[in-house]
Amino acid sequence: MPIRLHNSLSRTLEELRPLVPGKVTMYHCGPTVYSSPHIGNFRSFLFADVLRRFVEDQGYQVVQVMNVTDVGHLTQDDIESGEDKMEAASKKTGKTAWQIAKQYEDEFHDCQQKLHVRLPHHMPRATDFIAQMGSIIDDLLQKGVAYQQNGNVYFEIAKFPGYGKLSGKVLDELEDGARIAVNDEKKDPRDFALWKTDSKHQMQWDAPFRGGARGFPGWHIECSAMSMHYLGPQIDIHTGGEDNMFPHHECEIAQTEAHTGKQFVGIWMHARHLLVDNTKMSKSLGNFFTVADILAKGYTGLELRYGLIRVQYRQALNFTLKGLDEARAAISRVQSARQRLVRFAQGLERAGSEDVVAAVAKANEQFTAAMSEDLNVSEALAAVFDFVGVCNKTEVSVAGAKLALAAFARFEDVLGCFGDEPKADATGDAPAELLALLEQRKAAKKAKDWALADSLRDQIAAAGWKIVDAATGARLEKL
RNA sequence: GGUCCCGUAGCCAAGUGGUUAGGCAACGGAUUGCAAAUCCGUCUACCCCAGUUCGAUUCUGGGCGGGACCUCCA
């Protein structure tokens, strides 16, 4: 089944047709490492992760690159007095820009791991690609599409007729907006920086291009350089948050295509920003949750992941703590069903003779169809839950249980929000004292001392475990 | 001001020109010593007004309401 994805450039659903059959190259605009990653960041990164997982599921070999921006991302991009995010954080904390970058890059990787992200094949830092950026700048200067003023290098928008094709922005509208760049150096307010000089800037390099001055790179150029380095001049998919569309991606297109003369990206995809309690989440409003904040509240990475991917990436997602509670319950429903199947498969419960071949095929089909239609995760989840219902009411055979488990394993492989296949019985993992309590309860039940049995159950629950009474006996499971 | 998105049952959220989405919660019942889990059942909706149509939640137009981007942001 063809994978259809929404291309921001054409504003339509397009079939994924990779440049090289069977192989898909993806580039994702990654974090700017100047503060702790928040849940909004991860809605975008998790979207990229699910995209990669599904494309792989469909048999493609994927190469995925996500950059780490550790220099050049200006707080007011085009304004002369603009300050690099890293520098601003440095000023605030007293740490060096390099320390800031390292700290938050580590934290970012930690969050990726906690949210069960399949790591991109390459996660390069902008500061490691100064030379590559330089050669592009050099070429753009040679071609006359960039110009230098007082050591600053700007890309000249007028030399690239396609500027604005992604975001639909035209000059007049921009000038009417709030964003009016005051910069006499530029020929056009929309011209953007490829290289900046600033003697006060901590991160500085000798110009990596001919005839330049010591300075640091503009924000946009890093993505062009790293994308090209790892994936070549043309890539299949490029993703980012919706805010990246303009100016970042617009600028990427201009500089990259001016440099290579080829179409840069096949399909541009942008994740909608999430809302928190029905209102915009942003740093300036201060109403944001970091990933660490959520985990500190006792939610697991899996629950957060579920909560952030359950709505299709182009829909507004209203993030609430209540939503995470729902995620917890939903995950548990899936895992309970899987555990039951594991028990059948391992002969711990008496298997029946009903088969699930048709149900498995249907679930897989619906799941694939939903995901193929622009990653409709909500609909894919519906297919999973339909399947859960079927499994729960089926006296499944051993072979059937294994088949059903394979289907769940596939859904987990793509979505990654349910967790590993549950063990048939977690009793063995429980602390010895709880096992003792469980034995005591068995005895109490036998003696029909219900008060004692219930109090033992409460004690076990207080320790974070629950008793599951099955026909084959009682066992413990983690709450 | 410009561009764009959305308005679905208690909540979250898919989808469709005429046949039960799904999750969570709630309420009955089965099961259980009582529970938990599970199963069965109940609650069955599409902002408003016109239009197109045999028929619209689903297409068209208008209205109202909410939100996003254009400005640091994923």
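Note on naming: letters A, B, ... go to the chains in the order of the sequence lines (proteins, then strands), and numbering restarts at 1 for each one.
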Test salt bridge (Lys or Arg N to Asp or Glu O under 4.0 Å) applied to A:E477 and A:K466, step by step: CA-CA 5 Å; A:E477 295 294 340; A:K466 71 171 176 180; over 6 Å; no

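Here the shortest heavy-atom pairing between A:P217 and A:V71 reads CG-CG1, 3.9 Å. Residue A:Y27 comes nearest to A:E222 through the heavy atom pair OH-O, 4.4 Å, listed as atom of the first residue, atom of the second, then distance. Between A:R52 and A:M26, the closest heavy-atom pair is CA-CE, 3.6 Å. Nearest heavy atoms, A:F344 versus A:G352: CE2-N, 4.5 Å. Residue A:E250 comes nearest to A:G162 through the heavy atom pair OE2-O, 4.2 Å, listed as atom of the first residue, atom of the second, then distance.
Residue A:G40 is in base contact, counting any heavy-atom pair closer than 4.0 Å across all strands shown. The residue A:A271 sits apart from the nucleic acid: no heavy atom pair falls under 4.0 Å. The residue A:Q315 sits close only to the backbone: its heavy atoms come under 4.0 Å of sugar-phosphate atoms, none of a base.
Judged as a salt bridge (charged side-chain N to carboxylate O under 4.0 Å, His left out), and not counting sequence neighbours, the contacts of A:E105 are A:R125. Applying the salt bridge (charged side-chain N to carboxylate O under 4.0 Å, His left out) criterion to A:D325, with sequence neighbours excluded, gives no partner residue. The side-chain contact (heavy atoms from CB on, under 4.5 Å) check on A:A470 picks up A:E349, A:T472, A:R475, with sequence neighbours excluded.
Nucleotide B:U60 has B:A50 as its partner under the Watson-Crick or G-U criteria, with both atom distances under 3.5 Å. When both pairing distances are held under 3.5 Å, B:C69 makes a Watson-Crick or G-U pair with B:G2. Pair assignment for B:A9 gives none, since no Watson-Crick or G-U wobble pairing has each distance under 3.5 Å. Under the Watson-Crick or G-U wobble criterion, with both distances below 3.5 Å, B:U38 is paired with B:A30.
For the C1' atoms, the distance linking B:G15 with B:A50 amounts to 25 Å, nearest Å. Spacing between B:A45 and B:G22 at atom P, rounded to whole Å, works out to 15 Å. Across B:G1 and B:G55, the matching C1' atoms stand 42 Å from one another, rounded to whole Å. A distance of about 14 Å separates the P atoms of B:U8 and B:G66, rounded to the whole Å. Across the P atoms, B:C59 and B:U19 are found 15 Å apart, a figure rounded to whole Å. When the P atom is used for both B:C46 and B:G41, the distance is 24 Å, rounded to whole Å. Using P as the reference atom, B:A13 and B:C27 are 24 Å apart when rounded to the nearest Å. Comparing the same atom, C1', in B:U58 and in B:G7 gives a spacing of 14 Å after rounding to whole Å.
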Name the pairs: protein N/O against N/O of nucleotides 7-11 of chain B, kept only if under 3.5 Å.
| from | atom 1 | to | atom 2 | distance (Å) |
| --- | --- | --- | --- | --- |
| B:C11 | O2' | A:K322 | NZ | 3.1 |

What's touching nucleotides 38-40 of chain B from the protein side, N or O pairs under 3.5 Å?
| from | atom 1 | to | atom 2 | distance (Å) |
| --- | --- | --- | --- | --- |
| B:U38 | O3' | A:N392 | ND2 | 3.3 |
| B:C39 | OP1 | A:N392 | ND2 | 3.2 |
| B:C40 | OP1 | A:K393 | NZ | 2.5 |

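Position along RNA chain B of the nearest nucleotide to A:D325 versus A:T32 favours A:D325 as the more 5'-ward residue. Along RNA chain B, the nucleotide nearest to A:A327 and the one nearest to A:R314 differ in position, and the one closer to the 5' end is contacted by A:R314.
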Nucleic acid footprint by protein, nucleotides 27-36 of chain B - heavy-atom cut-off 4.0 Å, B for base, S for sugar-phosphate alone: ------BBBB

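You'll find the ring centres of A:F408 and A:F387 inside the 6.0 Å limit.
Looking at the side chain of A:N41, the nearest of the listed nucleotides B:A14, B:A68, B:A74 is B:A74. The listed nucleotides are B:A68, B:C24, B:A74; the one nearest the side chain of A:F45 is B:A74.
Between A:F42 and A:F45, the two ring planes are perpendicular [angle over 60°; tilted spans 30° to 60°].
Between the CG atom of A:D243 and the P atom of B:U3 there is a distance of 21 Å, given to the nearest Å. The nearest whole Å value for the distance from the CG atom in A:L381 to the C1' atom in B:A13 is 10 Å.
Residues A:E354 and A:T394 have side chains that never bring a donor and an acceptor to within less than 3.5 angstrom of each other.
Phosphate contact (OP1/OP2 of B:C69, side-chain N/O of A:H273, threshold under 4.0 Å): present.
Classification of A:R441 and A:D458 as a salt-bridged pair fails, no side-chain N sitting under 4.0 Å from a carboxylate O.
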